[in-house]
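Heads up: the structure comes next, in structure tokens.
We count residues from 1, following the sequence as given. Start at 1 and go down the list; that is how both ligands and their atoms are numbered.
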Amino acid sequence: MKKPLRVTITGAAGQIGYALAFRIASGDMLGKDQPVILQLLEIPPAMDALKGVAMELDDCAFPLLQDIICTDDPNVGFKDSNVALLVGARPRGPGMERKDLLEANGKIFGPQGKAINDHASRDVKVLVVGNPANTNALIAQANAPDINPRQFTAMTRLDHNRALAQLAGKTGQHHTAIKGMIIWGNHSATQYPDIAHCTVDGKGAKDLVDEGWYKDDFIPTVQQRGAAIIKARGASSAASAASAAIDHIRDWHLGSNGEWVSMAVPSDGSYDIKEGVIYSFPVICKDGDYEIVQGLDIDDFSRERMDLTDKELREERDGVKDLL
Ligand code: NAX
């Protein structure tokens, strides 16, 4: 039997954490032959609820689940962690400015980055889900100087999957027929869902849909999908967010089989996005690593949107520069 891998989930008693833990324990993320130890991190007021999650996990009798650790101490939660899913975050309260939100989250992601630095496995794969995800990932990364910065990523896979669903619905094809979807930039309303390089059943997506739909319907629908879910469900996306987090780590760990997927990763100058922010790019995952897809033609329409979301990320970064 393989050696168990340790998976940390922060905010594990929250709605995304609740949806994540059971799928990870059943083998959906790291493989059906990979035993796991779940290290569930919460804050003190949520420890009773977390105990309930652990009781339910026990009651599932998952063959792959070797142990469950419940803690409110990041030093324990990240000990020897191989995969760290940073879900718990401070939500925006009434009247809270973006700057206050960034700072409040800095106080969570700074210490968690340090705990990862001090205690996690050296090859830990970090995925930040908690919003503002890209900038929270940057803060965690800055506080973990001994870990390769490339191992800090943020989630735009939910946006990617939402874009696949919209295009599939419009073209009447199954989403598995779609290749080459891209989300550029920030996980926010400035993200740029780009179909310029997409094919649907081998045909160029741009030839299958009219430009008006693409610009005035598709892009805003994907950008605003989170708000539409809140309106319909009365609560924010949870199962779909957990599913996207599982897709992100599964592909990073096991490979994306040559397919492009969107991941927010430290910019390296590709596509003139200068270093210093965690920006969503198309990537291909292989052998436990990812590479940004290179050499794509970027037209003026795309350039403008890619730069706009980059600008927002740099403003967010400037708002937390004392935490970096
Ligand atoms: P919930 O409020 O249901 O759960 C959050 C949990 O985190 C709570 O149980 C809370 O006690 C815990 N928590 C807070 N501070 C913590 C800390 N310092 N250490 C450990 N745990 C802590 O929120 P949920 O719906 O699960 O959403 C979690 C985060 O995901 C939010 O920030 C949300 O905005 C973000 N999302 C990100 C998405 C993405 O695509 N990147 C999409 C879905 C989601 O909106």
Please verify whether a non-hydrogen atom of Q112 lies at under 4.0 Å from ligand 1.
yes

Can you see whether E56 engages Y18 through a side-chain donor-acceptor pair at a distance of less than 3.5 angstrom?
yes

Rounded to the nearest 0.5 Å, the CD1 atom of I116 sits from the CZ atom of F109 at a distance of 9.5 Å

Ligand 1 contact by S236, heavy-atom criterion under 4.0 angstrom
yes

What distance separates I182 CD1 from L296 CG, expressed to the nearest 0.5 Å?
5.0 Å

Which heavy atom of the protein is the closest neighbour of atom 5 (C) of ligand 1, given with residue, atom name and distance?
G14 CA, 4.2 Å

Mark up the atoms of ligand 1 that fall under 4.0 Å of a heavy atom belonging to L41, in ascending order.
20 (C), 21 (N)

Near A241 (heavy-atom distance under 4.0 Å), the atoms of ligand 1 are 43 (C)

Nearest neighbour in protein (non-hydrogen) for atom 27 (O) of ligand 1
I16 CD1, 3.4 Å

Closest non-hydrogen contact found for Q15 with S237 is NE2-O, 4.3 Å

Suppose we measure from atom 29 (C) of ligand 1 to each protein heavy atom; which comes out shortest, and what is that distance?
V87 O, 3.2 Å

Check for me whether R305 meets the cation-pi criterion with F301, that is, NZ or CZ under 6.0 Å from the six-membered ring centre and within 45 degrees of the ring axis.
yes

Proximity winner for atom 36 (N) of ligand 1, if only heavy atoms of I230, N131, N134 are counted
N131

Whether the S188 and E312 side chains hold a donor-acceptor pair (N or O, under 3.5 Å, no angle test) is what I'd like checked.
yes

Considering only the protein, which heavy-atom contact is closest to atom 42 (C) of ligand 1, and what is its distance?
L158 CD2, 3.7 Å

The closest protein heavy-atom partner of atom 18 (N) of ligand 1 is I108 CG2, 3.4 Å

Just wondering, are more than 12 heavy atoms of other shown residues or ligands nearer than 6.0 Å to CG in D146?
yes

Run the numbers on N186 and E316 for side chain to side chain donor-acceptor pair (under 3.5 Å), then give the verdict.
CA-CA 10 Å; N186 199 3; E316 287 186 13; 3.0 Å; yes

Give yes if a backbone or side-chain nitrogen or oxygen of V129 is under 3.5 Å from a nitrogen or oxygen of ligand 1, and no if not.
yes

Is there a protein heavy atom at a distance of less than 4.0 Å from atom 2 (O) of ligand 1?
no

Enumerated ligand 1 atoms positioned under 4.0 Å from heavy atoms of M155:
39 (C), 40 (O), 41 (N)

I want to confirm something. Looking only at heavy atoms, which of Q15, R162, E42 is nearest to atom 9 (O) of ligand 1?
E42

Less than 4.0 Å between a side-chain N and a carboxylate O, is that true for E103 and K107?
no

Within 45° of the ring axis of Y279 and under 6.0 Å from its six-membered ring centre, is that where the NZ or CZ of R314 lies?
no

Starting from atom 38 (C) of ligand 1, locate the nearest protein heavy atom and write down its residue, its atom name and how far away it is, to 0.1 Å.
H187 NE2, 3.5 Å

For ligand 1, which atoms sit closer than 4.0 Å to a heavy atom of G11?
6 (C), 7 (O), 12 (C), 20 (C), 21 (N)

Do R162 and D159 sit within salt-bridge range, that is, some charged N less than 4.0 Å from a carboxylate O?
yes

Option nearest atom 17 (C) of ligand 1 (shortest heavy-atom distance, choices D159, V53, I43, D72)
I43

